[in-house]
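Remarks on the structure that follows.
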Amino acid sequence: MKIASFNINGIKARLPRLLEWLAETRPSVACLQEIKTQDEGFPADEFKKIGYYAIWHGQKSFNGVAILADGVRPVETQRGLAGEPEDDHSRYLEAEVNGVRIAGIYLPNGNPQPGPKFDYKLRWMKRLRARMAELKSLEIPTIVTGDFNVIPTDADIWNPKAMADDALMQPESRDAYLRLLHDGWTDAIATHNPNGGVWTYWDYQAGAWQKDHGFRIDHALLSPELADRLVACGVDKAHRGREKASDHAPIWVQLRD
DNA sequence: ATGGCGCGTGGAACGCGA
């Protein structure tokens, strides 16, 4: 079973590239972030044509997440995080697919910091941690994957100084991420790449892609039941270099059946 | 040293992202 995550930066603008990626890499499950469309605009038929069933949680202009599954309907288990009823951002969607619980997340960016957006990010991470504690207590194979908008360590960015004041790598953001790991979740890509140097995002600006000025903010966290089944993981880096690409590359984990 | 792009909305210029 291969589970992937891809921040597509707009499903309308990205649809040809997204369909191409699905056809070429054929993940069993794909979690999508930043679909940037209301529910009515989600192209479910296009995915159905190539054998994927989908659930989605849209929003006008911004955010928005979806879960696609190859040949089987994802069974939705939750949308949104508890704890802040007035929060209307579409950033969390959770489903069960073939006995695996899958949460797809688009964690708030948090810039500029300090400020209300950074406060929202930290609150959201607290709410996520609470949900992940519930999931862990179920003791079923679980993956939480998506755009975490956290650069976990200085080894996860081409130049830590370039982003020193950014919300993505503030100590508070990193501490909140580290707490998830300490709670017993395994960062799949970090585990398989202990020296860092793996990027999942390259800015559109300043020739960042050409210079390989990237960082790692898309993650896959595995529950103990699933960490035992991890056989390989990676980044579909080449897809970032194509015409009309997203600024993120897809990530994936391969799990023993 | 600085600035640099792209998407959605809506039909110009701006909010937002990272």
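Each chain gets a letter, A, B and so on, in the order the sequences are listed, and its residues count up from 1.
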Open item on the list: Angle between ring planes, A:W158 versus A:H213, binned at 30° and 60°: parallel, tilted or perpendicular?
Closed with: parallel
- [ ] Could you check whether the rings of A:F6 and A:W21 sit parallel, tilted or perpendicular, using 30° and 60° as the cut-offs?
- [x] perpendicular
Closest to the [X] side chain, choosing from [options]:
X	options	value
A:Y204	B:dC16, B:dA18, B:dG6	B:dG6
A:A13	B:dT9, B:dG8, B:dA18	B:dG8
A:Y106	B:dA18, B:dT9, B:dG8	B:dA18
A:F62	B:dG8, B:dA18, B:dG15	B:dG15
A:D147	B:dC7, B:dA18, B:dT9	B:dA18

When the distance from [atom1] of [X] to [atom2] of [N] is rounded to whole Å, what number comes out?
X	N	atom1	atom2	result
A:Y201	B:dG6	OH	P	11 Å
A:H219	B:dA18	NE2	C1'	13 Å
A:Q205	B:dA18	CD	P	12 Å
A:R14	B:dC7	CZ	C1'	8 Å
A:F42	B:dG8	CZ	P	14 Å
A:D203	B:dG3	CG	C1'	11 Å
A:W202	B:dG6	CH2	P	17 Å
A:Q59	B:dC7	CD	P	19 Å

Which whole number of Å gives the distance between the [atom1] atom of [N] and that of [M]?
N	M	atom1	value
B:dG8	B:dG3	P	27 Å
B:dA12	B:dC7	C1'	16 Å
B:dT2	B:dA13	P	28 Å
B:dG10	B:dC16	P	14 Å
B:dC14	B:dA1	P	30 Å

- [ ] Tell me which of A:I35 and A:N109 sits closer to the 5' end of DNA chain B, going by the nucleotide each one is nearest to.
- [x] A:I35
Task: Closest-nucleotide ordering on DNA chain B, the 5'-leading residue of A:R91 and A:A206 - done: A:A206
[N] phosphate, OP1 or OP2, under 4.0 Å from [X] side-chain N/O:
X	N	result
A:K36	B:dT9	no
A:N149	B:dA18	yes
A:K244	B:dG6	no
A:H248	B:dG17	no
A:N7	B:dA18	yes

Open item on the list: Closer than 4.0 angstrom, basic N to acidic O: yes or no for A:R129 and A:D183?
Closed with: yes
Task: NZ/NE/NH1/NH2 to OD/OE distance under 4.0 Å, A:D154 and A:K161 - done: no
Task: Atom pair CZ (A:R216) and CD1 (A:I251), whose distance is rounded to the nearest 0.5 Å - done: 8.5 Å
TODO: Hey, could you give me the CD1/CG distance between A:I157 and A:L168, rounded to the nearest 0.5 Å?
DONE: 8.0 Å
Have a look at [X] and say if it touches a base, only the backbone sugar-phosphate, or nothing, with a 4.0 Å heavy-atom cut-off.
X	answer
A:K211	base
A:N9	sugar-phosphate
A:N63	nothing

Open item on the list: Can you tell me if A:E86 has over 12 outside heavy atoms packed within less than 6.0 Å of its CD?
Closed with: yes
